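All ligand and atom numbering here is 1-based and tracks the order in the structure. All figures in this text were calculated on a predicted structure; none of them were measured in a lab.
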Amino acid sequence: MADPKGVRLSKTGGGVNELKKKLVERIRETGPMTVADFMASCLYDPDDGYYATRPSIGGKGADFVTAPEVSQMFGELIGLWCAHEWDALGKPALNFIELGPGRGVLMQDAWRATQRIEGFHDAANIVFIETSAPLREEQGERVPLAEWGERLEDAPPGPSLIIANEFLDCLPIRQFMRGDTGWHEKLIGLDDADQLVFGLSAALPAADDDVREGAVREIAPGLDALIYEIEQRLHAAPGRALFIDYGYIAPEGADTLQALKRHTKVDPLEAPGEADLTAHVDFARVAHLAREAGLQVHGPMTQGVFLKALGIDLRVEMLTKANPSLGPRVAREAQRLTHEDEMGALFKVICLSSPDLPAPAGFF
Ligand code: SAH
């Protein structure tokens, strides 16, 4: 279950923010930076980046809560989906890869739920792709069998099932805004008092279209590289990659950069590295890049519909039967994961597969 331990408090607590000083210095020397560069520094700076120093997922004092932290049913259903797809692949020895496993809760629940599926645990080699040292430690406590890599390329060759929940939203984005005469890139520069501020580049030599003034378009350059890696892997040996994240299917022109600290939205420029920084995922682009790369694409569909197709309602019934006092709680958790006013509609699911495989379970 979601477990409030593992909360790490921000170490700066009102003092000088070292990363901000570093960023101000860098902008003074080399000029305004893209939102993607800013995001990458905030998340991955080895000394002061959010994931390198103080990621805090899950409990009350944490910065944000994810689906596996809401309910054990999430990881259990994903685990059973994986075992089903392993069967569809012909039960090969395979890499069971998770990108950005956070505290390791999803895999812990997935592994427990599949223990009675004959042959699956012997066939599956758990590989965690994780850059954060403090999170690797927590993952090792929950999933002692795991091995780790920094990047997807580090996973051994062979058939793969790849899962990733709230991983794509960490990929740094560049942002472009439609001005009155054309497109500009959003940049981060300095004001007269040497504070970080958002600004716009000069007009870009981009096609002038009829998008309304003020509309924002976002591109995650890292997505191309990730889809390329997945494509290489899924063409070399059969497999699937299941991504779950919040995002949109058609861009709405909104600015989706968001900084979260203790469940509260904060100014992304205020205390760089102290808040989690994410952007909504452009699922149409994920699908487009994957199709261009020759992969099969199923979805995107909403998390609510997907989890219902995987049998979350039945799971609620089973858990309630086994322990009636838990009934109201698990029903509430299922509601949170699936209801369209909660996580059910904002979150989307997409599955990328090697060519020539049957459709994955849950997609129609
Ligand atoms: N999947 C987990 C955690 C989501 S938070 C959950 O659902 O609870 C994002 C996770 O991705 C963290 O574990 C973070 O350290 C990891 N991460 C972010 N960017 C990464 C990158 N470029 N490479 C590998 N891991 C990354």
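A side-chain hydrogen bond (donor to acceptor under 3.5 Å, both in side chains) check over residues 348-358, counting only residues at least two apart or in different chains, returns the pairs Arg240-Ser353.
The cluster map of Ile, Leu, Val, Met, Phe, Trp and Tyr, joined by side-chain heavy atoms under 4.5 Å apart, puts Trp183 and Val216 in different clusters. Hydrophobic clustering of Ile, Leu, Val, Met, Phe, Trp and Tyr side chains at less than 4.5 Å, counting indirect connections, unites Ile188 with Tyr50. Clustering ILVMFWY residues whenever any of their side-chain heavy atoms sit less than 4.5 angstrom apart, transitively, puts Phe64 in the very cluster that holds Met39.
Listed by number with element, the atoms of ligand 1 under 4.0 Å from a non-hydrogen atom of Thr66 are 6 (C), 7 (O), 8 (O). Interface atoms of ligand 1 facing Leu135, defined by a heavy-atom separation under 4.0 Å, are 12 (C), 13 (O), 15 (O). Close approach of ligand 1 to Gly102 is summarised as follows: ligand atoms under 4.0 Å from at least one heavy atom of the residue are 2 (C), 3 (C), 13 (O). Within ligand 1, the atoms closer than 4.0 Å to a non-hydrogen atom of Ile129 are 24 (C), 25 (N), numbered from 1 in the order shown.
Aromatic ring orientation, Phe120 versus Trp111: tilted (interplanar angle from 30° to 60°). Between Phe363 and His298, the two ring planes are tilted [angle within 30° to 60°].
Nearest-residue assignment for atom 10 (C) of ligand 1 (options Gly100, Gly149, Ala133; heavy-atom criterion): Gly100. Nearest-heavy-atom check against atom 5 (S) of ligand 1 across Tyr44, Phe167, Tyr51 picks out Tyr51.
Contacts of His280 classified as ring-ring contact (aromatic ring centres under 6.0 Å, His included), with partners at least two apart in sequence or in another chain: Tyr246.
Counting heavy atoms closer than 4.0 Å to ligand 1, residue Asn165 contributes atoms from both its backbone and its side chain. With a heavy-atom cut-off of 4.0 Å, Pro68 touches ligand 1 through its side chain alone.
The shortest heavy-atom distance from Thr131 to ligand 1 is under 4.0 Å. Ligand 1 is approached by Pro101 to a heavy-atom distance shorter than 4.0 Å.
Not one N or O of Glu69 is nearer than 3.5 Å to an N or O of ligand 1, by distance alone. On a distance-only criterion, Ser132 and ligand 1 share no N/O pair closer than 3.5 Å.
Among protein heavy atoms, atom 4 (C) of ligand 1 sits closest to Glu166 O, 3.5 Å. Protein heavy atom at the shortest distance from atom 13 (O) of ligand 1 is Glu130 OE1, 2.6 Å.
For Arg26 and Glu29, the salt-bridge test fails: no basic side-chain N is under 4.0 Å from an acidic carboxylate O. Residues Arg54 and Asp63 are not paired through a salt bridge, judged by the lack of any N-O separation under 4.0 Å between the basic side chain and the carboxylate.
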